[in-house]
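The structure under discussion appears below in the form of structure tokens.
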Amino acid sequence: MAELILHHYPESLFSEKARAMLGARGLPWRSVIIPMIMPRPDTIPLTGGYRRTPVMQIGADVYCDTALIAAVLDDKGSGPTFFPAASRLAAQTLARWVDTELFWAAVTLRFLPSNTGSFFANSEAAAAFAADRANFSQGSTVRRLPLEEALPRYTVFLAELEAQLGDRRRYLFGEDWTIADFSTYHLLWFIHAGGAMAAVLAAHPAASAWYGRMKAFGKIPGVAMTGPEALAVASAAEPAPIIGGASDLADIPVGALVDVGPTDYGVMPSRGELLSCDTASITIRRSHERTGVVHVHFPRHGFGVARVHGDNA
Ligand SMILES: N[C@@H](CCC(=O)N[C@@H](CS)C(=O)NCC(=O)O)C(=O)O
């Protein structure tokens, strides 16, 4: 199997979700640390525009968004599936709610002045981050949560988590993990990384014990690789063939030039030739002088496809 290359940065919560999934399944991985803010000259050639973190690369295939990364990792390594048949819908739906709704509570809580901890090296870094994220937020369709909404959203969730785990089960849906454990874990990791809310978690013993078990998965490091080395890997590889690629979009056929991007925030799209679009994923083909031809894959849920016409092509 070609190496699993994660493009990420240490402070990124969705990267922590990917790192924990890799660790849980016992998978060796390569670690490309990207800057916390733009520019990212060794990442954008791979994605063609998408700028959210993390992305996972396997040879000349690039997987955007941890929802898709989870699906790709699920048949690799060892251990229980992230999507057990008995609780698949519940686990996926909880994971999505946590990744999109509880996420905004986590952002508010993590960036409280008392909870920012060592996130920023100095005030210049904080100002540069704010400017970068203002840019990132352009075109966003979501609302930032004020503290009076964010705090109860989290504490109510934590109380329910405690109740769910109260029968001494190991994971949210029983003795084996599901995708919901990894989504929930990375949110708690982010909120509690700042230290100021430690007492809130400590007051929930079952959730704390579960959190400790999950955190161990995120501690297994990848082997360092540089961005240029990762681009060279893409350049030397061929993308995995797309079998029976079809488009379920009424007005956009396979072969069309399209922009694909998130529909909620960080909406910067990637441009390429549509290879397939179905309920599992969207795939485009694109090329760059530093990567050769790559296939870039996105989840279907939460992403939009727009045809690029004439003058915009
Ligand atoms: N749904 C996405 C969310 C990714 C996301 O929001 N990542 C944050 C960092 S944790 C991000 O992209 N921030 C802006 C950036 O890194 O440029 C996923 O599951 O991967």
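Both counts, for ligands and for their atoms, begin at 1 and track the order of listing. These numbers come from the heavy atoms of this one structure, side chains and all, not from hydrogens, waters or symmetry mates.
A cation-pi contact links Arg52 to Tyr265, judged by a cut-off of 6.0 Å to the six-membered ring centre and 45° from its axis.
The closest approach between a heavy atom of Arg133 and any atom of ligand 1 is below 4.0 Å.
In this structure, CZ in Arg110 is found 12.5 Å from CG in Leu187, a value given to the nearest 0.5 Å.
Nearest protein heavy-atom neighbour of atom 20 (O) of ligand 1: Thr66 N, 2.9 Å. Scanning the protein for heavy atoms near atom 15 (C) of ligand 1, the closest one is Arg40 NH2, 3.3 Å. Nearest protein neighbour of atom 3 (C) of ligand 1, counting heavy atoms only, is Tyr265 OH, 3.3 Å. Closest to atom 2 (C) of ligand 1, if we only count protein heavy atoms, is Asp65 OD2, 3.2 Å.
Arg213 places a side-chain N or O within 3.5 Å of a backbone atom of Arg170 that can act as its donor or acceptor partner.
Judged purely by distance below 3.5 Å, without hydrogens or angles, the side chains of His8 and Ser31 pair a donor atom with an acceptor atom. If you check the side chains of Asp99 and Ser183, you find a donor sitting under 3.5 Å from an acceptor.
Backbone and side-chain nitrogen or oxygen atoms of Thr53 are examined, and one is located within less than 3.5 angstrom of a nitrogen or oxygen of ligand 1. For ligand 1, none of its N or O atoms has an N or O atom of Asp99 under 3.5 Å away. Backbone and side-chain nitrogen or oxygen atoms of Tyr9 are examined, and one is located within less than 3.5 angstrom of a nitrogen or oxygen of ligand 1. Annotation: Asp132 places no N or O atom under 3.5 Å from an N or O atom of ligand 1; distance criterion only.
The proximity of His301 to ligand 1, defined as any non-hydrogen pair under 4.0 Å, does not occur for either the backbone or the side chain. At a 4.0 Å heavy-atom cut-off, ligand 1 touches Arg51 through backbone and side chain alike.
The ring pair (Phe, Tyr, Trp, His ring centres under 6.0 Å) search around Phe182 returns Phe82, Trp177, not counting sequence neighbours. Shown here are the salt bridge (Lys or Arg N to Asp or Glu O under 4.0 Å) partners of Asp74, two or more places apart in sequence or in another chain: Arg25.
Near Leu13, meaning under 4.0 Å from one of its heavy atoms, ligand 1 places the atoms 10 (S). Of all the atoms in ligand 1, the ones that sit under 4.0 Å from a non-hydrogen atom of Ser12 are 9 (C), 10 (S).
Taking the six-membered ring for Trp, His186 and Tyr211 have ring centres at least 6.0 Å apart.
Surrounding CZ of Arg307 are more than 12 heavy atoms belonging to other residues, nucleotides or ligands, all under 6.0 Å away.
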